[in-house]
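Data first, discussion second: the structure below is written as structure tokens.
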Amino acid sequence: MPTPTRPRRQFETLADAAERTGLSIRTLRRRIAAGQLPAYRSGPRVLRVDPADVDRLMVLIPTA
């Protein structure tokens, strides 16, 4: 029986996340510092975010 494989997690740079959402890199960094956006570090300079986590920052505002 083959072992089930987990789907590979996708990560993106802050620049990619900023371009995709229209937010600034500075705003994303503030959200990371405030604990509102999880970020992942690999090495001293490489910082990545999960696109799904970035999408959760965007909240639908109800309209009439």
Side-chain angles (χ1 to χ4, degrees):
M1 177 175 236
T3 55
T5 58
R6 291 189 301 177
R8 187 173 173 195
R9 288 187 72 177
Q10 298 294 316
F11 297 99
E12 62 186 355
T13 64
L14 294 182
D16 290 339
E19 183 177 331
R20 185 173 58 81
T21 60
L23 298 171
S24 71
I25 293 173
R26 187 177 205 165
T27 296
L28 293 173
R29 287 186 181 277
R30 280 194 295 255
R31 298 290 194 269
I32 291 167
Q36 298 169 335
L37 177 61
Y40 303 88
R41 188 176 292 282
S42 175
R45 295 178 55 102
V46 178
L47 190 64
R48 299 289 187 263
V49 291
D50 186 327
D53 291 335
V54 177
D55 291 344
R56 278 191 277 281
L57 288 176
M58 309 302 276
V59 178
L60 179 63
I61 297 174
T63 59

- Task: Could you tell me whether the side chain of I32 reaches within less than 4.5 Å of the side chain of L14, counting heavy atoms only?
- Result: yes
- Task: Decide, yes or no, whether a salt bridge links R56 with D50 under the criterion of side-chain N to carboxylate O below 4.0 Å.
- Result: no
- Approximate separation, where rounding is to 0.5 Å, of E12 CD and D53 CG: 10.0 Å
- Message: Counting only heavy atoms from other residues, nucleotides and ligands, does the tally under 6.0 Å from CD of E19 exceed 12?
- Response: no
- Message: For A18 versus S24, what's the shortest heavy-atom pair and its separation?
- Response: CB-C, 4.0 Å
- dist M58:CE -> D55:CG (nearest 0.5 Å) comes out at 8.0 Å
- Straight-line distance of T13 OG1 to L28 CG, nearest 0.5 Å: 10.0 Å
- Message: Measuring from atom CD1 of I25 to atom CG of L47, what distance do you get when rounded to the nearest 0.5 angstrom?
- Response: 10.5 Å
- Query: Backbone N or O of R29 within a donor-acceptor pair of the R26 side chain at under 3.5 Å?
  - Reply: no
